[in-house]
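What follows is a short report on a single structure.
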Number of protein chains: 2
Amino acid sequence: MAAADLSTHPGHLARRLQQAHTLLWTTMVSEETTSPQFAVLNALVEKPDTDQRTIGEHVRLDRSTIADLVARLAGRGLVERVRDPLDGRRNVLTLTDEGRKVHRRLVTRTARMNKVFLAPLDEGEREILLRLIARVADAAEELRGQG
Amino acid sequence: MAAADLSTHPGHLARRLQQAHTLLWTTMVSEETTSPQFAVLNALVEKPDTDQRTIGEHVRLDRSTIADLVARLAGRGLVERVRDPLDGRRNVLTLTDEGRKVHRRLVTRTARMNKVFLAPLDEGEREILLRLIARVADAAEELRGQG
DNA sequence: TCGGATTGCTCAGTGCACTGACTAATTCGA
DNA sequence: TCGAATTAGTCAGTGCACTGAGCAATCCGA
């Protein structure tokens with residue numbers, strides 16, 4: 001049985017793309033705060049005082065993963081977790097001043113990093129790449145919803 | 001500080017793409033054998049009896065990760081690790097009959113899965129997506145090489 | 001209103017992926 | 001040839017990401 005060329009495997013390319021991004025992130029943005037953590041801080045700037053599950057859904061992290069991640073952010077004093085008095089099941093998340101400060105600092109660095117990351121492509125190609133990825137990911141997430 | 005839209009962040013999209021792929025993989029290809037594991041089996045079909053580091057480099061896994069992964073494959077009896085008698089530092093990897101069998105079975109399933117994964121795109125768009133990802137990943141891996 | 005279903009969270013377990021430290025084997029230059 | 005540098009592998013530690021089980025709070029229909 002012939003072995004297939006890995007460069008035709010979207011899964012392998014997706015993994016390489018993410019690895020490449022993580023590498024660049026840690027060197028150009030932050031060693032302490034990861035990209036998914038930044039996504040959560042970002043989401044909390046957009047919609048403050050949102051419950052954990054909703055934030056997780058927004059940044060596409062499942063219950064377990066968002067719980068772990070938030071625990072780390074809370075441990076570093078960037079967010080606070082408070083049980084919702086109106087609904088005892090929910091954890092409401094709040095950015096601390098320190099969390100806001102970290103977020104602010106990373107916004108500019110992230111923009112700089114994204115430029116370097118996509119530097120091999122021209123402006124049109126960048127748009128196309130992001131759009132195509134979004135379409136594939138959206139469709140797969142649809143499938144998931146239907147189970 | 002305004003929060004940026006996540007859909008413009010290539011890192012976030014890359015993560016979503018990989019998550020989507022993993023989800024489809026486990027439902028359509030295998031629950032036991034992961035996509036990176038398949039990549040290793042595939043590499044061993046291409047170049048039998050190669051040492052662990054070379055295989056890892058080929059599938060883009062670092063020393064630690066390939067070691068863990070190969071240990072799992074060895075535990076399931078799909079590959080064998082033998083110390084190279086000519087160079088006592090190397091682990092030479094060999095596919096077992098069972099490993100070859102598993103690989104053969106997954107090749108067709110993977111092809112089927114890739115079709116579904118990329119179904120939202122037309123033929124031209126698929127090519128473009130794969131090429132653009134490869135260019136970005138290649139460039140980032142170049143940066144890495146230079147430190 | 002009360003009991004079953006749903007919802008939100010946590011915990012345990014598994015796997016990918018990285019860094020940094022360590023060991024052992026090999027290589028190469030003075 | 002011998003010692004320093006390089007190379008391959010392992011191990012410990014951290015973080016992302018998922019499943020499946022379990023628990024407590026809430027919701028909703030008979």
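Order of the sequence lines fixes the chain letters, A, B, ..., with proteins taken first and strands second; residue numbering starts at 1 for each chain. Note that the structure is a prediction, hence the values are computed from the model and not measured.
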- Among the nucleotides C/dT7, C/dA17, D/dT7, which one has an atom lying closest to any side-chain atom of B/R89? D/dT7
- Between D/dG13 atom C1' and A/D68 atom CG, what is the distance in whole Å? 15 Å
- Task: Kindly indicate whether the side chain of A/S64 and the base of D/dT19 share any N or O donor-acceptor pair separated by less than 3.5 Å?
- Result: yes
- With a 4.5 Å limit on heavy-atom distance, are the side chains of A/L41 and A/V79 in contact? yes
- Task: Run the salt-bridge test on A/E125 and B/R135 with the 4.0 Å N-O cut-off and return the result as yes or no.
- Result: yes
- Task: Find out whether A/T22 and A/Q18 are in side-chain contact, i.e. whether some heavy atom of one side chain is under 4.5 Å from a heavy atom of the other.
- Result: yes
- Query: Could A/R90 and A/D51 be called an ion pair, given the rule that one side-chain N must be under 4.0 Å from one carboxylate O?
  - Reply: yes
- Give one of base, sugar-phosphate or nothing for A/D62, where a contact means two heavy atoms less than 4.0 Å apart. base
- Message: Any side-chain N or O of B/Q52 below 4.0 angstrom from OP1/OP2 of D/dA8?
- Response: no
- Protein-nucleotide distance (A/Q37, atom CD; D/dG15, atom P), rounded to Å: 7 Å
- Which nucleotide, D/dA17, C/dA25, C/dT10, lies nearest any side-chain atom of B/R15? D/dA17
- Item | Gap between atoms CG and C1', on A/L23 and D/dG15 respectively (whole Å) | 16 Å
- Task: Respond yes when some side-chain nitrogen or oxygen of A/R90 is under 4.0 Å from OP1 or OP2 of C/dG8, and no when none is.
- Result: yes
- Starting at CD1 of A/I66 and ending at P of C/dT10, how long is that distance when rounded to a whole Å? 11 Å
- Message: Does B/T34 reach a base, just sugar-phosphate, or nothing at all? Heavy atoms under 4.0 Å.
- Response: sugar-phosphate
- Message: Side-chain N or O of A/R53 versus OP1/OP2 of C/dG8: is the shortest distance under 4.0 Å?
- Response: yes
- Query: Rounded to whole angstroms, how far apart are CZ on B/R63 and C1' on C/dA21?
  - Reply: 10 Å
- Message: Can you work out whether A/P36 or A/P85 has the more 5'-proximal nearest nucleotide on DNA chain D?
- Response: A/P36
- Decide yes or no on side-chain hydrogen bond (donor to acceptor under 3.5 Å, both in side chains) for A/D5 and A/T8, but give the supporting numbers first. CA-CA 6 Å; A/D5 180 3; A/T8 66; 5.7 Å; no
- Message: Between A/R83 and D/dT26, is there a contact of a side-chain N or O with OP1 or OP2 at under 4.0 Å?
- Response: no
- Any side-chain N or O of B/Q18 less than 4.0 Å from the OP1 or OP2 oxygen of D/dA17? no
- Query: To the nearest angstrom, how far is B/W25 atom CH2 from C/dT14 atom C1'?
  - Reply: 18 Å
- Message: Please determine whether a side-chain nitrogen or oxygen atom of A/R81 lies at a distance below 4.0 Å from atom OP1 or OP2 of C/dT10.
- Response: yes
- Rounded distance in Å - CD (B/E57) to C1' (C/dA17): 16 Å
- Message: Looking at A/R76 and A/E98, is there a salt bridge between them, counting it only when a charged N and a carboxylate O are closer than 4.0 Å?
- Response: no
- Message: Quick check: on DNA chain C, is the nucleotide nearest A/T22 upstream (toward 5') of the one nearest B/D87, or the reverse? Name the residue that is more 5'.
- Response: A/T22
- What integer distance in Å separates A/D51:CG from D/dT26:P? 14 Å
